[in-house]
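Comments concern the structure below.
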Amino acid sequence: MISDVESDYATRSKMDYQSNNDDAGSNESDSNNRSSNLRTGVAVPVVQSTVKVEGRKENNIDRYKTCPLLLRVFYNYNHHHNPIDYKNKQYPKNELQIHTWMDASLSEILINLQRKNRKIRRSGTVIKFQIISPDPTRPRYKVRDVGSIKIDYKGPDDLKTLHQCRYSIGDFIDLCIKLPKN
């Protein structure tokens with residue numbers, strides 16, 4: 001399965017806070033369930049991921065030391081957006097912004113999208129991924145197909161990372177969501 005990006009970030013923030021305040025003397029069982037807000041001193045619940053990461057290589061990015069990037073994901077039903085839709089900074093309306101790392105897999109991006117849109121959770125739904133990047137030679141955008149994922153089925157593109165897809169910071173991800181006919 002895939003790690004939970006948001007809980008990973010929360011866990012990292014909690015660990016950073018604890019390492020900076022070792023002399024605070026907090027109870028260990030309480031510190032596992034809560035993180036302190038530095039401004040107000042109020043305890044804030046922290047969600048920790050229980051999902052294990054499988055199939056990844058050891059040379060991944062250290063998510064505790066590397067700042068995440070902003071990934072702009074645009075989605076549409078039954079077809080991809082036209083590259084003209086991105087012209088003059090007039091972006092499509094269905095957007096999801098995700099803070100993630102270059103070693104994030106396509107499945108990990110899909111999990112974040114499923115949190116926002118429950119329709120996508122149905123078995124048999126197919127999601128096709130494209131990278132939309134600016135063309136350095138002309139004032140237009142280039143489109144590259146990078147893979148597809150079918151919900152509840154394992155495929156070769158599930159563990160493909162942004163780095164393997166040759167994603168560059170500033171590119172967009174465009175998703176085509178095809179719901180099952182039932």
Side-chain angles (χ1 to χ4, degrees), residues 1-9 49 51-63 66-182:
M1 299 310 259
I2 307 303
S3 67
D4 187 342
V5 174
E6 292 176 359
S7 66
D8 187 34
Y9 183 76
S49 176
V51 181
K52 293 187 179 185
V53 178
E54 297 175 359
R56 290 204 177 170
K57 296 179 181 176
E58 291 298 321
N59 59 356
N60 286 338
I61 294 170
D62 185 359
R63 292 186 174 192
T66 306
C67 183
L69 59 95
L70 175 64
L71 180 66
R72 296 183 72 182
V73 179
F74 297 92
Y75 59 94
N76 202 1
Y77 294 96
N78 299 322
H79 59 81
H80 284 284
H81 289 101
N82 193 331
I84 296 171
D85 294 341
Y86 297 91
K87 191 175 183 180
N88 298 327
K89 298 187 180 181
Q90 299 292 324
Y91 303 121
K93 293 181 182 178
N94 293 337
E95 180 180 10
L96 177 66
Q97 295 184 356
I98 303 171
H99 289 96
T100 189
W101 293 265
M102 288 296 283
D103 67 342
S105 67
L106 298 182
S107 294
E108 195 171 338
I109 295 166
L110 180 60
I111 288 170
N112 284 297
L113 183 64
Q114 287 175 328
R115 285 188 190 141
K116 180 176 171 135
N117 192 335
R118 292 184 181 268
K119 284 195 248 181
I120 300 171
R121 296 179 184 178
R122 291 183 15 199
S123 180
T125 301
V126 177
I127 293 90
K128 295 182 179 182
F129 291 78
Q130 285 184 339
I131 292 181
I132 310 289
S133 56
D135 189 346
T137 59
R138 297 184 200 150
R140 65 178 183 147
Y141 286 92
K142 295 186 296 183
V143 177
R144 277 185 288 131
D145 292 325
V146 292
S148 65
I149 294 177
K150 189 171 186 179
I151 304 296
D152 293 337
Y153 297 94
K154 289 197 177 204
D157 296 330
D158 290 357
L159 296 176
K160 191 183 278 189
T161 64
L162 291 174
H163 182 71
Q164 291 170 337
C165 294
R166 295 182 323 209
Y167 173 83
S168 297
I169 296 174
D171 292 351
F172 305 117
I173 301 289
D174 188 65
L175 304 179
C176 170
I177 301 167
K178 293 189 178 183
L179 299 172
K181 304 251 184 212
N182 299 345

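The CG atom of Leu159 sits 11.5 Å away from atom CG of Asp103, with the distance rounded to the nearest 0.5 Å. Separating the CD1 atom in Ile120 from the CG atom in Leu175 is a distance of 7.5 Å, to the nearest 0.5 Å. Interatomic distance, Leu106 CG to Ile111 CD1, rounded to the nearest 0.5 Å: 11.5 Å.
Contact of the Val73 side chain with the Gln97 side chain is not registered, since no non-hydrogen atoms from C-beta on lie closer than 4.5 Å. The closest side-chain heavy-atom distance from Leu71 to Leu162 is below 4.5 Å. By the 4.5 Å heavy-atom criterion applied to side chains, Ser105 and Lys160 are not counted as neighbours. Side-chain contact between Asp85 and Lys93 is absent, with no heavy atoms from C-beta onward closer than 4.5 Å. Taking the side chain as every heavy atom from C-beta outward, Pro68 and Thr100 never approach each other to under 4.5 Å.
The neighbour count for Ile84 CD1, taken as heavy atoms of other residues, nucleotides or ligands under 6.0 Å away, does not exceed 12.
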Name every donor-acceptor pair, under 3.5 Å, that has one atom in a side chain of residues 128-141 and the other anywhere in the protein, sequence neighbours excluded.
| unit_1 | atom_1 | unit_2 | atom_2 | d |
| --- | --- | --- | --- | --- |
| Gln130 | OE1 | His80 | ND1 | 3.4 |
| Gln130 | NE2 | Asp145 | OD1 | 2.8 |
| Asp135 | OD1 | Thr137 | N | 3.1 |
| Asp135 | OD1 | Thr137 | OG1 | 2.9 |
| Asp135 | OD2 | Arg140 | NE | 3.2 |
| Asp135 | OD2 | Arg140 | NH2 | 3.4 |

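Residues Leu96 and Leu113 approach most closely at CD2-CA, 3.6 Å, considering heavy atoms. A pairwise comparison of heavy atoms in Met102 and Thr161 identifies O-CB, 3.9 Å as the closest pair. Minimum heavy-atom separation, His81 to Pro92: NE2-CB, 3.3 Å. What you find for Pro180 and Thr125 is that their closest heavy atoms are CD-OG1, 3.3 Å. Considering every non-hydrogen atom in both Thr66 and Trp101, the closest pair reads O-NE1, 2.8 Å. The nearest pair of heavy atoms linking Val126 to Lys150 is CG2-CG, 4.0 Å.
Remark: Tyr167 pairs with no residue by the ring pair (Phe, Tyr, Trp, His ring centres under 6.0 Å) rule, at least two apart or across chains. Residues passing the salt bridge (Lys or Arg N to Asp or Glu O under 4.0 Å) test with Arg72 are Glu95, sequence neighbours excluded. Contacts of Tyr86 classified as side-chain hydrogen bond (donor to acceptor under 3.5 Å, both in side chains), with partners at least two apart in sequence or in another chain: Asp174. Taking the salt bridge (Lys or Arg N to Asp or Glu O under 4.0 Å) definition, one finds that Arg121 meets it with nothing, sequence neighbours left out. By the side-chain contact (heavy atoms from CB on, under 4.5 Å) test, Lys119 pairs with Tyr77, Asn117, Leu179, sequence neighbours left out.
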Review point. Does the side-chain contact (heavy atoms from CB on, under 4.5 Å) test come out yes or no for Cys176 and Ile127, once each step is laid out?
Key: CA-CA 6 Å; Cys176 170; Ile127 293 90; over 6 Å; no
Practice item. Report the C-alpha distance between His79 and Lys178 in whole Å, list the side-chain angles of each, state the deciding distance to 0.1 Å, and finish with yes or no for side-chain contact (heavy atoms from CB on, under 4.5 Å). Key: CA-CA 8 Å; His79 59 81; Lys178 293 189 178 183; over 6 Å; no
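Phe172 and Phe74 have perpendicular rings, their planes meeting at more than 60° on a 0 to 90° scale where under 30° would count as parallel.
Looking at Glu108 and Arg63, a side-chain N of the basic residue comes within less than 4.0 Å of a carboxylate O on the acidic one, giving a salt bridge.
The main-chain N or O of Ser148 is found under 3.5 Å from a side-chain atom of Asp157 such that the two form a donor-acceptor pair.
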